Amino acid sequence: MIRESKLWSLHLLAGLCIVFLIGVHFGVMHLDEIFGFADVLSYQSVLSRGKTGFYLVVYSLLLGSAIYHGLYGLRNIIFELGFGRSLEKAVSIILLFGGIVSFIYGEYAIIVAFTL
Amino acid sequence: MNSPNDKMINFRVQRYIADKDPDTFFQEYDVPVKKGLTVLDALLWIKENLDSSLSIRYSCRMGICGSCGMYINGLPRLACQTQVLFLESDVVEVKPLPNYPVLRDLIPDLMPMLEKHRAVKPWIIRPDTMPDVEPKKELKQTPEEIEEYIQFSYCIKCGVCVSACPTAATDKQFLGPQALGQAYRYSADSRDEGVDERSDAVDLSHGMVNCHLAGACSEACPKGVDPALGIQLLKREVVLHSWGLKGFKKGAPEMPPMEKNLKPGIPPAPARTVKK
């Protein structure tokens with residue numbers, strides 16, 4: 001069984017990743033005039049960004065970090081509601097399964113955009 | 001005896017007598033208050049002069065035993081350390097400590113806290129065992145090493161920190177600031193080698209990572225202990241160990257006991273009155 005401190009430290013690490021990657025997102029989407037990105041919201045721009053290796057990594061990391069951070073936080077909130085140990089185990093399994101499915105689905109979209 | 005200089009203060013005391021009424025109710029008493037009178041003194045005055053059925057728990061009356069924790073005017077405090085006039089209110093509301101089952105009136109059942117305290121193994125863990133009576137060896141500890149944990153050892157197990165904790169209020173399984181603070185106190189002790197063993201108790205769901213760092217425990221502690229700090233230091237220690245980034249420390253070395261060098265002029269201790 002994985003120690004809670006490991007899960008929790010990954011939760012913090014995922015939070016830091018999100019702060020950095022959302023920073024990249026804000027930089028591209030909202031500071032486009034400063035950095036000289038042209039027409040960031042057009043379909044062609046979105047498509048061209050998705051085709052670069054850099055964004056493949058950024059989107060994948062952001063997807064994984066956001067899913068893990070969100071679901072671990074949700075797990076803690078549910079646990080604090082005071083259910084029994086057996087229900088907590090079921091919640092953990094459901095959230096783990098939901099997280100894996102969400103990640104695979106999101107990653108599929110990222111890879112499809114990359115190979116278009 | 002009342003004097004004309006006494007200030008009359010209205011005490012609203014929460015009562016709970018399970019065998020008479022399953023619900024709690026408030027009872028009011030007017031108490032003549034002098035400068036320096038504590039809430040515990042006032043409650044004892046009520047018990048002596050107005051209502052002998054009022055139940056309270058107390059012992060030392062000087063902030064040592066940790067028996068008289070109560071919820072006084074919206075804050076958990078020790079009744080023996082809270083002066084009535086310092087509350088600056090004509091009405092003093094006294095309730096039992098929150099986050100505990102109530103046994104009767106102002107007496108909370110502290111067993112849930114004490115069981116959690118025991119669960120974190122609050123003692124020095126070493127592979128060797130030391131006899132408690134007349135040990136043949138001592139463990140070396142420098143003043144700097146004592147500084148690492150000394151403030152956490154001032155805990156008197158009054159339970160005030162747990163009643164102030166918002167996480168303990170919502171999550172009954174949460175180990176709580178008292179137990180977690182004591183887990184750090186022993187893990188930070190240079191004589192201890194039990195960090196790994198103690199981690200099994202604190203590194204769980206409802207354990208140390210569930211502390212949301214509200215800091216209410218540290219603010220409420222009547223002994224000036226900072227359990228919130230202890231929990232954060234414990235998190236750091238356990239996380240580093242769990243990822244293998246820090247090795248487990250070796251307990252302080254054993255030393256022969258200090259020689260008994262009596263200063264000249266001091267007579268030897270009298271012979272034992274109890275045989276070994």
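Chain identifiers are assigned alphabetically (A, B, ...) following the order of the sequence lines, protein sequences preceding nucleic acid strands; residue numbering begins at 1 within each chain. Just so it is clear, the model here is predicted, and its values are computed rather than measured.
The environment of A:Lys6 atom NZ is dense: over 12 non-hydrogen atoms of other residues, nucleotides or ligands sit within 6.0 angstrom. The environment of B:Phe25 atom CZ is dense: over 12 non-hydrogen atoms of other residues, nucleotides or ligands sit within 6.0 angstrom. More than 12 non-hydrogen atoms from other residues, nucleotides or ligands lie less than 6.0 angstrom from CZ of A:Phe103. Dense packing is recorded around CG of B:Leu245, with more than 12 heavy atoms of other residues, nucleotides or ligands lying under 6.0 Å away. Counting heavy-atom neighbours within 6.0 Å of B:Phe26 CZ, excluding the residue itself, gives a total above 12.
Note: A:Leu7 CG to B:Ser242 OG = 9.5 Å, rounded to the nearest 0.5 Å. With rounding to the nearest 0.5 Å, the separation of NZ in B:Lys172 from CD in A:Glu80 is 12.0 Å. Here CG of B:Asp171 is found 9.5 Å from CG of A:Asn76. Values are rounded to the nearest 0.5 Å. The distance from atom OG of B:Ser199 to atom CD of A:Glu4, rounded to the nearest 0.5 Å, is 13.0 Å. Note that the CH2 atom of A:Trp8 and the OG atom of B:Ser205 stand 15.0 Å from one another [nearest 0.5 Å].
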**From CA spacing to verdict: side chain to side chain contact (heavy atoms under 4.5 Å, CB included), A:Arg3, B:Val239** = CA-CA 9 Å; A:Arg3 280 192 179 267; B:Val239 165; over 6 Å; no
**Message:** Determine whether B:His206 and A:Glu88 satisfy the following criterion, side chain to side chain contact (heavy atoms under 4.5 Å, CB included), listing intermediate values before the conclusion.
**Reply:** CA-CA 11 Å; B:His206 310 286; A:Glu88 284 181 3; 2.5 Å; yes
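No option in B:Glu237, B:Met208, B:Lys235 other than B:Met208 meets the side-chain contact (heavy atoms from CB on, under 4.5 Å) test with A:Ser5.
Of all the listed residues (B:Thr170, B:Thr167, B:Leu204, B:Val202), the one sharing the greatest number of non-hydrogen pairs under 4.5 Å with chain A is B:Leu204. Highest contact tally toward chain B, considering only A:Arg75, A:Arg85, A:His11, is held by A:Arg85 [criterion: heavy-atom pairs under 4.5 Å].
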